[in-house]
Amino acid sequence: MNPCAATVILRCKRVKTRDYAVVMGGANVDIVGRPLEKLERYDSNIGTVHMVAGGVGRNIAENLARRGIFTEIICAMADDSYGKFLKGHSIEHLSFAHAHEVAGGRTGVYLVLLDHDGEMDTAINDMAAMDALTPEVLETRREVLAGAKIWVMDTNLPRESIEWILAAARELNKPIIVDGVSAPKVVKLKGLLQGIHSLKCNQYEAQALTGIHPGSLEEIIACGQALRREGVGNVVLTLGARGAYAFTEEGRYHVYGAPLEVTNATGAGDAFVAALALGAYRNLNFLDTVMDATAYSRLTLQAEESVVEELEPEELIGERKEIKYETI
């Protein structure tokens, strides 16, 4: 196994390169509520509410930027208070230069209610702005897309735009990493999976795509194999506390760590996909990449914020050492 894999994310933080990544997907404001005690439905719960910059695509882009990868994000935002909030929370290496401004629209909002353990109880997403990211708008970004080393896409985009992006990735020979986002949104990928470099789905998204519930190990394997037969190069099914199941040309693997206490589940999947993208960016072995992704997402689960802003080398190296795998 690649001995440098454990520190790939940290190495990239110190390396400057002329290459860059492009992320296409959702950028919105997250409004997060969490009760201090057990969540009581149909009642007012004492707790905390805070607002942060969010969105699957934007979170992935920030994770890449914080690891030192210059990242262009192609998203849709309005010139409203939420849009100004998002742009005001940009960081070094993250560019909104190619974001699309939705005239007269509103920037997306994700309202999520967590339970006392930090897991999502329910959420509402208002992502109508994404409908403005049409193939015609994306065509005007072809130059920045053509120059990128890797592409990342989430399924917040309209179906016709997803189809345009995947066709363009094949035409331009660009590795594209895809986040399923949610069961209702991942179905936009049906019939379009051919040529995807890496696809990350949770159990609900995988079932929505394949019709197979990944419960038993046999069902998990059947689900992963079905997606690979559709033309996906690498498939990762993330099953919460059960770990991640990776399917690639080289083999099938179960990647996992010890049980942990979750502080905030929001953003862990985005961190996982960012690490998959980083592995593709660095041309790493896919199993090593999934182990890095598992470590990075576990650190995010234990953090208060959706994107870990400061990551000490010892934290990642220590977490990575705890990650194990088995062939399935």
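Values below: every heavy atom of this structure, side chains too, minus hydrogens, waters and symmetry copies.
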Is there a side chain to side chain contact (heavy atoms under 4.5 Å, CB included) between Val186 and Cys201 once you walk through the steps?
CA-CA 8 Å; Val186 78; Cys201 291; 4.3 Å; yes
In sequence, state the C-alpha distance, the side-chain angles, and the governing distance for Lys84 and Asp79, and then conclude on salt bridge (charged side-chain N to carboxylate O under 4.0 Å, His left out).
CA-CA 7 Å; Lys84 291 182 174 66; Asp79 186 26; 2.9 Å; yes
Determine, step by step, whether Asp270 and Arg58 satisfy the salt bridge (charged side-chain N to carboxylate O under 4.0 Å, His left out) criterion, reporting the C-alpha distance in whole Å, the side-chain angles of both residues, the deciding distance to 0.1 Å, and the verdict.
CA-CA 9 Å; Asp270 307 334; Arg58 198 216 65 86; over 6 Å; no
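Sorted by first and then second residue, the salt bridge (charged side-chain N to carboxylate O under 4.0 Å, His left out) pairs involving residues 164-173 (not counting sequence neighbours) are Arg142-Glu171. Sorted by first and then second residue, the side chain to side chain donor-acceptor pair (under 3.5 Å) pairs with a member in residues 146-157 read Asp154-Asn156, Asn156-Lys185; sequence neighbours excluded.
Taking all atoms of both residues into account, the shortest heavy-atom contact from Ala277 to Ile150 is O-CD1, 3.2 Å. Shortest non-hydrogen contact noted between Ser161 and Pro135 is OG-CD, 3.4 Å.
Put simply, the residue from Glu319, Arg67, Arg320 that forms a side chain to side chain donor-acceptor pair (under 3.5 Å) with Tyr296 is Arg67.
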Got a list of side-chain donor-acceptor pairs under 3.5 Å for residues 46-53, not counting sequence neighbours?
none

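Of the charged side-chain nitrogens involved, at least one lies within less than 4.0 Å of a carboxylate oxygen, so that Arg106 and Asp126 count as a salt-bridged pair.
For the residue pair Thr238/Asn202, the side-chain donor-acceptor check at 3.5 Å is not satisfied. Counted by atom type alone, Thr107 and Asp80 present one or more donor-acceptor pairs between their side chains at under 3.5 Å. Donor-acceptor pairing under 3.5 Å is recorded for the side chains of Ser95 and Glu72.
Between Tyr245 and His254, the ring planes are parallel. Angles under 30° get that label, and only those over 60° would be called perpendicular.
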